[in-house]
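Below: one structure in structure tokens.
In the text below, chain A, chain B and the rest are named by the order of the sequence lines, each starting its count at 1.
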Protein chains: 2
Amino acid sequence: MDRLDRKILRLLQEDTTLAVADLAKKVGLSTTPCWRRIQKMEEDGVIRRRVALLDPVKINTKVTVFVSIRTNSHSMEWLRRFSEVVAEFPEVVEFYRMSGDVDYLLRVVVPDIAAYDAFYKRLIAKIEIRDVSSAFAMEQIKYTTQLPLDYMIIDQKTGEE
Amino acid sequence: MDRLDRKILRLLQEDTTLAVADLAKKVGLSTTPCWRRIQKMEEDGVIRRRVALLDPVKINTKVTVFVSIRTNSHSMEWLRRFSEVVAEFPEVVEFYRMSGDVDYLLRVVVPDIAAYDAFYKRLIAKIEIRDVSSAFAMEQIKYTTQLPLDYMIIDQKTGEE
DNA sequence: TTTGAAACCGAGACGTC
DNA sequence: GACGTCTCGGTTTCAAA
């Protein structure tokens with residue numbers, strides 16, 4: 001992968017509506033090679049999928065809650081079961097195993113506090129958890145699916161630009 | 001919006017590659033009305049954008065760090081400046097103003113701990129922050145851009161299905 | 001071996017019934 | 001909601017660099 005691939009990815013992370021020909025122009029490439037690079041990156045799994053992003057407000061899920069979880073059961077088995085349970089809840093959009101103080105962190109999206117409370121009850125009904133603490137986001141100041149491309153490992157052969 | 005719109009959104013949140021005709025079939029609609037519904041939802045801003053999702057591992061940003069921030073300056077002015085600074089860093093993919101103990105929460109993606117340290121130094125060089133605490137994710141168990149559609153406000157006229 | 005132009009063909013974007 | 005048309009863009013081929 002080189003700088004041109006990076007440019008292509010940068011554009012595709014913003015908008016996949018862009019026609020290959022236009023994209024090629026912006027990147028400074030002609031259509032065919034640009035198209036081939038995209039194909040390759042799809043094959044290689046660099047490009048995972050192409051999806052639609054919706055407006056959380058219009059979908060009635062504007063409230064984000066971060067849920068910190070501590071557990072007693074540090075077994076693989078418990079984690080497996082917990083992962084299964086969490087996967088069932090579409091409200092959980094992110095789920096991390098953490099180092100340090102907290103064991104797991106969830107990002108949950110719901111319409112309002114009442115809905116969060118309902119979600120919470122459904123969750124703890126499904127699985128035993130030692131300690132749960134919820135932090136509410138008042139405002140989402142930034143949210144992007146665009147990963148920084150500056151750390152990409154670049155094939156230097158191509159030289160400048 | 002009704003149940004059919006919801007079905008359409010569910011599919012588009014998974015994959016925008018799907019041809020309108022195929023999507024229509026899955027939803028149980030013929031092509032034109034399905035296409036028109038999509039158009040409408042784009043106009044209405046329910047569908048925000050269509051983007052490519054990349055593989056964090058391949059892009060060399062597999063480490064997620066949650067950064068909790070406390071500040072002394074609770075002024076609008078400080079927040080404005082802080083937002084500006086944060087917006088400059090592509091490593092910050094999410095940024096929330098929180099209620100309670102912590103004032104702000106960032107999700108930062110980097111290749112490794114060393115890169116996080118470098119990021120951290122660049123950040124605090126740019127703006128005064130009272131207290132910063134970083135929590136590292138060991139594993140990303142779930143990450144989705146698909147919002148739950150169960151809370152959508154549905155026009156009941158259509159009745160069942 | 002890689003590139004770019006040009007042709008092919010299917011799908012999207014509408015208008016009309 | 002079904003057609004039909006028109007157009008544009010993705011895909012492939014092929015000649016040239």
Round to a whole Å and report the spacing from CZ of R50(B) to C1' of dG9(D).
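Those two atoms, CZ and C1', are 15 Å apart.
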Would one find a side-chain N or O of Q39(A) under 4.0 angstrom from OP1 or OP2 of dT11(D)?
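So the side chain of Q39(A) is within the cut-off, an N or O lying under 4.0 Å from OP1 or OP2 of dT11(D).
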Taking only N and O in the side chain of W35(B), is any of them less than 4.0 Å away from OP1 or OP2 of dG12(C)?
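Checking dG12(C) against W35(B), no side-chain N or O comes under 4.0 Å of OP1 or OP2.
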Tell me if the side-chain of T32(A) makes a donor-acceptor pair with the base of dA5(C), cut-off 3.5 Å, by modelled atom types.
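Under the 3.5 Å cut-off, the side chain and the base do form a donor-acceptor pair.
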Choosing from dG12(C), dT3(C), dG10(D), which nucleotide comes nearest the side chain of P33(A)?
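The answer is dT3(C).
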Keeping D117(B) on the side-chain end and Y120(B) on the backbone end, is there a donor-acceptor pair under 3.5 Å?
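A pair under 3.5 Å: no.
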In whole angstroms, how far is the P atom of dG10(C) from the CG atom of D22(B)?
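Value for this atom pair: 14 Å.
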K25(B) NZ to dG12(C) C1': how many Å, rounded?
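Taking atom C1' of dG12(C) as the reference, NZ of K25(B) is at 15 Å.
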Would you confirm whether D44(A), through its side chain, and V46(A), through its main-chain N or O, come within 3.5 Å as a donor-acceptor pair?
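No, the answer is negative, given that no donor and acceptor are paired below the 3.5 Å cut-off.
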Main chain of L12(A), side chain of T16(A): is a donor-acceptor contact present, judged purely on distance under 3.5 Å?
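Such a contact is absent between T16(A) side chain and L12(A) backbone.
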Between T17(A) and R36(A), which residue's closest nucleotide on DNA chain D lies nearer the 5′ terminus?
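Final value for this comparison: T17(A).
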Specify the separation, in whole Å, of atom CD1 of I38(B) and atom P of dG1(D).
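Going from I38(B) (CD1) to dG1(D) (P), I get 14 Å.
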Rounded off to whole Å, could you give me the CD-to-P distance for the E42(B) and dC14(C) pair?
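Atom CD in E42(B) sits about 11 Å away from atom P in dC14(C).
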Which is true for L29(B) with a 4.0 Å heavy-atom rule: it touches a base, it touches only sugar-phosphate, or it touches nothing?
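Sugar-phosphate, no base atom in range.
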d(CD1, I8(A); P, dG10(D)) in whole Å
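So the CD1-P distance, I8(A) to dG10(D), works out to 13 Å.
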I47(A) pairs by side-chain contact (heavy atoms from CB on, under 4.5 Å) with which of M41(A), Q13(A), K40(A), Q39(A)?
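When side-chain contact (heavy atoms from CB on, under 4.5 Å) is applied between I47(A) and each of M41(A), Q13(A), K40(A), Q39(A), only M41(A) qualifies.
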Rounded to the Å, how far apart are R37(B) CZ and dG12(C) C1'?
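That distance rounds to 19 Å.
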